[in-house]
Amino acid sequence: MPTITTDPAVTTALAADLDAAGFTVERIDALWGAEAAASLHRGSRVAALRALAARETTPLTTLATLFVLGLPVDRADAERALPAAGLDGVLAAGLLRIDDDTDDAGAPDVDHVRVHPAVDLRPYAFVDDLGAGSWWIVSDLGELALGTALGEEHVLGIGGATTTLSGLQIPVPVRRVLDLGTGCGIQAMHARRFAEQVVATDISRRALDIARFNAHLNGIDGIEFRLGSLYEPVAGERFDRIVSNPPFVITPRRDDVPSYEYRDGGMVGDALVETVLRGLADHLEPGGTAQLLGNWEYHWGVDGLDRVRSWFADGALDAWVVEREREDPPAYAETWIRDGGTKPGTAAFDTLVGAWLDDFTARRVTGVGFGYVVVRRPGRAGQGQPGGAAHLRRFERVPEALGSNPAGLGATVARVLDAAEWLAAQDDAALAAAHLRVAGDVTEERHYWPGNDDPTVITLVQGGGFGRRVDADTALAAFVGACDGELSVAAITGAIAQITGVDEAALSADLLPRVRDLVLDGLLLAPTS
């Protein structure tokens, strides 16, 4: 793979060429249509190529053929598509390469010089709390373009994990952010939208070269790139926020099993995730937060979330871990072997599955969980008031579909952390005196047996956030329905007790714990002042 070189003059000119060609998500999708785009996602270029064959050659079709489909084009077409950067400048940057065809006598055929892509380069569109945005992102060529399994130094582009983590980033301005294991640099670029300075680290020099190029290509400053493993490049430093999609994939540590830099951290099992999580306390400022993705193992007789809980046993950090899915050993192995480009049905695929299952069996692994980790280092003040929870400790499984979150879950994460801090400062008397409001995205479902006037099932439904569905009895439903900020928790409870003829103290003891949960989940909102 050619070295990616960042020349500000080239990146500025290339950005002008991409912009002039209309190299955007919307325009590229329009080139070949939704069906062909879906086919590309499944690993086939046929439909896209048929659509392009019916169009005239333009700078946009040339750039899409090169950098999205990963196919060569004629030199003359490449030169017309890159008038500002110049073909020589883009070649020198390492994004393209030239192969000269030969004639029957073996001499170079100057009429058939072909330009080949050396990297993947495609537009990327997003929405966050600052609004809509778009960038161009360079990464290494994928399996479709290469026609072979990926190389171990492969630098990954935009994927599902990318958008998940970028959406988890808290949209609150801070001074310094650490992007641990930056890869192509996408998380650092997102972080820079809310930070004065970002430090992006990676163990791969090629990843840092590509990340630096991406930042320059999109005119993003304020990101410092450092080479090294895990926290080594930032020893002794603290940050207001840490984000990381670490190389958490659990891979057998055998010479005959490929180890990809972008996903394999070189440690046994989930030890890398444990190392990253245990190191957060030393690198977060008081009040600082971290948002990460990770895998954790289930062992014989040991729950995976219990293992993650043990990594926070020292109580130094608030921790919220959400397991989104769990895979059995064969499914996990097959997922990541396919991810590396080895195809099912081949001898190589079967050999690798056997290696994964041998490793899992030897270490008594029964499954692997995947999910989100949100952490906060408690501030110097406002913690541990009597009657409140000193730290957020939540380890849960949320496999269901999420609510509506066009800009991602970052705002939800921020609200949960704020709610946890507020709840920690409220004993039961203070909570009873609070004036709460029901969130605007909460609705109520009621189900009745035919002919009955009283509901058999009442469910509170959260439209955004994690899309929580909370079963409620009549008292809780009535309480939530009355939370408009006018009456205190105690006043609403007293009114319900009077109407239903139950003991007010008993009703309060029943409702308050559930009210705390609803505030933490965001169905009820704490006072703003």
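What you are looking at is a predicted structure, and each value in this text was computed from that prediction instead of being measured.
A salt bridge does not link R192 to D179: none of the charged nitrogens lies less than 4.0 Å from a carboxylate oxygen. Comment: R193 does not engage D129 in a salt bridge, judged by the lack of any side-chain N to carboxylate O separation of less than 4.0 angstrom. A salt bridge does not link R212 to E224: none of the charged side-chain nitrogens sits closer than 4.0 Å to a carboxylate oxygen. A salt bridge does not link E143 to R338: none of the charged nitrogens lies less than 4.0 Å from a carboxylate oxygen. Note on E285 versus R176: no salt bridge recorded, every NZ/NE/NH1/NH2 to OD/OE distance being 4.0 Å or above. A salt bridge does not link R469 with E400: none of the charged nitrogens is closer than 4.0 Å to a carboxylate oxygen. Here R206 does not pair with D209 in a salt bridge; the nearest charged N to carboxylate O distance is not below 4.0 Å.
Taking 4.5 Å as the limit, every side-chain heavy atom of C184 sits out of range of all side-chain heavy atoms of L156. In this structure, the side chains of F312 and D318 stay at 4.5 Å or more apart for every pair of heavy atoms. Inter-residue side-chain proximity for I210 and F213 is flagged as unmet; no heavy-atom pair is nearer than 4.5 Å. The shortest distance between side-chain heavy atoms of D264 and F248 does not fall below 4.5 Å. The side-chain heavy atoms of V276 and L292, taken from C-beta on, include a pair separated by under 4.5 Å. Residues W300 and V365 form no side-chain contact, since every pair of their non-hydrogen atoms from C-beta on lies 4.5 Å or further apart. Counting heavy atoms from C-beta outward, H116 and L71 have side chains that stay 4.5 Å or more apart. Contact check for L165 versus Q187: side-chain heavy atoms found under the 4.5 Å cut-off.
The six-membered or imidazole ring of H154 lies away from that of Y260, with a centre-to-centre distance of 6.0 Å or more. Ring centers of H190 and Y124: under 6.0 Å apart, within the cut-off. Here the two rings, on F370 and W336, have centers that are 6.0 Å apart or farther. For Y231 and H283, the ring centers sit closer than 6.0 Å to each other.
Between the side chains of D202 and T182, no donor N or O sits under 3.5 Å from an acceptor N or O. W320 and E396 form a side-chain donor-acceptor contact under 3.5 Å, judged by distance and modelled atom types alone. Using a 3.5 Å distance cut-off with no hydrogens or angles, the side chains of Y262 and D339 do pair a donor with an acceptor. Between the side chains of E323 and W296, at least one donor-acceptor pair of N or O atoms lies under 3.5 Å.
Using the six-membered ring where Trp is involved, W135 and F126 have ring planes that are tilted, between 30° and 60° apart. The aromatic rings of F67 and F23 sit perpendicular to each other, their planes meeting at more than 60°, with 30° as the lower class boundary.
Side-chain atoms of R238 come within 3.5 Å of backbone atoms of L284 as a donor-acceptor pair (strictly under, hydrogens ignored). A donor-acceptor distance shorter than 3.5 angstrom exists from the side chain of D303 to the backbone of L305, with no hydrogens or angles considered. Listed for the D140 side chain is a donor-acceptor partner under 3.5 Å among the backbone atoms of V155. Looking only at distances, no side-chain donor or acceptor of N405 sits under 3.5 Å from a matching main-chain atom of G464. In this structure, D328 contributes its side chain and A331 its backbone to a donor-acceptor pair below 3.5 Å. No side-chain donor-acceptor contact under 3.5 Å links S44 to the backbone of L40. When atom types are taken as modelled, the side chain of R376 and the backbone of L417 share a donor-acceptor pair closer than 3.5 angstrom. Side-chain atoms of R175 never come within 3.5 Å of backbone atoms of E196 as a donor-acceptor pair (strictly under, hydrogens ignored). Between the R363 side chain and the V268 main chain, no donor and acceptor come within less than 3.5 Å of each other. Judged purely by atom type and a 3.5 angstrom limit, D17 uses its side chain to pair as donor or acceptor with the backbone of A85.
Other residues, nucleotides and ligands place more than 12 heavy atoms under 6.0 Å from the CZ atom of R97. Residue-environment remark: CZ (R205) stays at or below the threshold of 12 foreign heavy atoms within 6.0 Å. Residue R364 qualifies as open at atom CZ: its count of foreign heavy atoms under 6.0 Å is 12 or below. With a 6.0 Å radius and a threshold of 12 heavy atoms from other residues, nucleotides or ligands, E153 has its CD atom at or below the threshold. Within 6.0 Å of atom CD in E325, more than 12 heavy atoms from other residues, nucleotides or ligands are found, so the atom counts as buried in its surroundings. Within a 6.0 Å radius of CD1 in I203, no more than 12 heavy atoms belonging to other residues, nucleotides or ligands are found.
Taking the centre and axis of the six-membered ring of F466, the NZ or CZ atom of R468 falls inside the cone set by 45° and 6.0 Å.
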* To do: Take D358 and T361 through the side-chain hydrogen bond (donor to acceptor under 3.5 Å, both in side chains) test and state the conclusion after the steps.
  => CA-CA 5 Å; D358 286 345; T361 299; 5.8 Å; no
* Please step through side chain to side chain contact (heavy atoms under 4.5 Å, CB included) for the pair V177 and V199, ending with a clear verdict. => CA-CA 6 Å; V177 173; V199 175; over 6 Å; no
* Carefully, step by step, assess D120 and R122 under the rule salt bridge (Lys or Arg N to Asp or Glu O under 4.0 Å). => CA-CA 7 Å; D120 183 290; R122 64 184 64 204; 2.7 Å; yes
* **F395/V308 under side chain to side chain contact (heavy atoms under 4.5 Å, CB included): CA gap, chis, key distance, verdict** => CA-CA 8 Å; F395 300 83; V308 181; 4.2 Å; yes
* Asked: Could you go step by step and tell me if R241 and F239 meet the side chain to side chain contact (heavy atoms under 4.5 Å, CB included) rule?
  -> CA-CA 5 Å; R241 184 172 301 145; F239 298 85; 6.0 Å; no
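For the atom pair CD1 of I337 and CG of L352, the computed distance is 5.0 Å after rounding to the nearest 0.5 Å. With rounding to the nearest 0.5 angstrom, the OG atom of S139 is 8.0 Å from the CG atom of N214. The CG atom of L402 sits 10.0 Å away from the CD atom of Q462 when rounded to the nearest 0.5 Å. A distance of 10.5 Å separates CH2 of W356 from CD1 of I250, quoted to the nearest 0.5 Å. How far CG of D282 is from CZ of R377: 8.5 Å, rounded to the nearest 0.5 Å. Atom CG of L317 is separated from atom CZ of R393 by 7.5 Å, given to the nearest 0.5 angstrom.
Taking all atoms of both residues into account, the shortest heavy-atom contact from A355 to P252 is O-CG, 3.7 Å. Across all non-hydrogen atoms, the minimal contact from P171 to A411 is CD-N, 3.6 Å. Taking each heavy atom of P117 and L141 in turn, the nearest pair found is O-CD1, 3.4 Å. The heavy-atom pair separating G157 from T162 by the smallest distance is O-OG1, 3.6 Å. Of all heavy-atom pairs spanning L217 and T11, the tightest one is CD1-O, 3.6 Å. Scanning all heavy atoms of the two residues, the minimum distance from L272 to P246 falls at CD2-CB, 3.8 Å.
Checking L121, L66, L82, V115 one by one against V90, the side chain to side chain contact (heavy atoms under 4.5 Å, CB included) holds for a single residue, L82.
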